[in-house]
Structure formats: structure tokens, C-alpha cells
Amino acid sequence: HLALGRGMSVDRIAAMLSGYAKRNLVVEFVAADDPLIVAEPTFFPAYVKAPGAFAEYTLGSFTAALSKFFPAIETRASNPGSRTLLLCTK
């Protein structure tokens with residue numbers, strides 16, 4: 001919702017989430033092709049308005065942004081397959 005809905009960069013999201021976490025963070029990355037995003041575009045106005053502006057919105061770029069604040073990051077598959085859990089530790 002923060003990236004595709006509000007248009008926030010992955011770097012800004014990572015910095016914000018880091019501020020909320022003393023030591024650990026669990027966050028789910030939802031790919032832009034997730035069935036719920038496709039089915040409910042009104043929830044993601046920034047993405048619908050300019051989908052080409054979200055080329056940086058990938059699991060790799062989000063993980064790289066988080067790694068600036070969390071040296072240890074593990075990933076776990078979520079459901080559906082377009083989602084990934086990231087377990088981050090400072």
C-alpha cells in the first residue's frame with residue numbers, strides 16, 4: 001500500500017520501517033502482479049496512474065533498501081506465490 005498506493009519509494013519505506021523496529025522486523029513484499037493488486041486497482045492509485053514509474057518496485061530493490069538498516073535478512077515464501085516474507089534483524 002505504501003509503494004503502489006501512495007507512491008513511496010522503497011528506500012523511504014525501508015527507512016520508515018527501520019524506525020519502528022528496535023531489533024526485528026517481519027514485512028511482506030507483494031509483487032505488482034499479485035492477484036489482489038490486479039483485482040483491486042482502486043487500492044493502488046499511484047500504480048494505476050503511472051505503472052511505468054514503479055520499475056524499481058522489485059523484491060531485489062526492496063531487500064537492498066532494507067539491508068541498509070538490517071544486516072541480516074531472510075526470506076520465506078508466502079501465499080500466493082507473488083508474496084515474500086522478509087525477516088529482518090538489526
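All figures in this text were calculated on a predicted structure; none of them were measured in a lab.
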*Indicate yes or no: at least one non-hydrogen side-chain atom of T75 is less than 4.5 angstrom from one of L85.*
no
*Which atom names give the shortest non-hydrogen contact between A32 and V38, and what distance separates them?*
O-CG2, 4.4 Å
_Quick one, D11 and K68 - any side-chain contact, counting heavy atoms below 4.5 Å?_
yes
_Exercise: identify the closest heavy-atom pair between G5 and P45_ = O-CG, 3.4 Å
_Residue pair N24 / C88, side-chain heavy-atom distance below 4.5 Å_ = no
*Roughly how far, to the nearest 0.5 Å, is the CZ atom of F29 from the OG1 atom of T58?*
6.0 Å
*Side-chain heavy-atom pair R83, L36 within 4.5 angstrom cut-off*: yes
*Is the distance between the ring centroids of F54 and F44 less than 6.0 Å?*
no
*Will you find, in the side chains of E56 and S61, an N or O donor that is under 3.5 Å from an N or O acceptor?*
no
*asked:* Using side-chain heavy atoms (C-beta onward) and a distance below 4.5 Å, is F62 in contact with V10?
replied: yes
*Might you work through the side chain to side chain contact (heavy atoms under 4.5 Å, CB included) test for L86 and V26, ending with a clear yes or no?*
CA-CA 6 Å; L86 293 104; V26 177; over 6 Å; no
*asked:* Side chains of S82 and D33 only: does a donor on one sit below 3.5 Å from an acceptor on the other?
replied: no
*asked:* Let me confirm one number: the CG-CZ distance from L4 to F43, rounded to the nearest 0.5 Å.
replied: 13.5 Å
*For residues I73 and L87, determine if any side-chain heavy atom of one lies less than 4.5 Å from a side-chain heavy atom of the other.*
no
*Please round to the nearest 0.5 Å and tell me the distance separating atom CZ of R76 and atom CD of E28.*
14.0 Å
*Do the side chain of S67 and the main chain of A64 share a donor and acceptor less than 3.5 angstrom apart?*
yes
*asked:* Are L2 and M16 packed together at the side-chain level, in the sense that at least one heavy-atom pair is separated by less than 4.5 angstrom?
replied: yes
_Spacing of K90 atom NZ and R23 atom CZ [to the nearest 0.5 Å]_ = 10.5 Å
*Rounded distance [0.5 Å steps], OG in S18 versus CD1 in I13*: 13.5 Å
*Look up atom CG in L25 and atom CZ in F69, then write down how far apart they are to the nearest 0.5 Å.*
11.5 Å
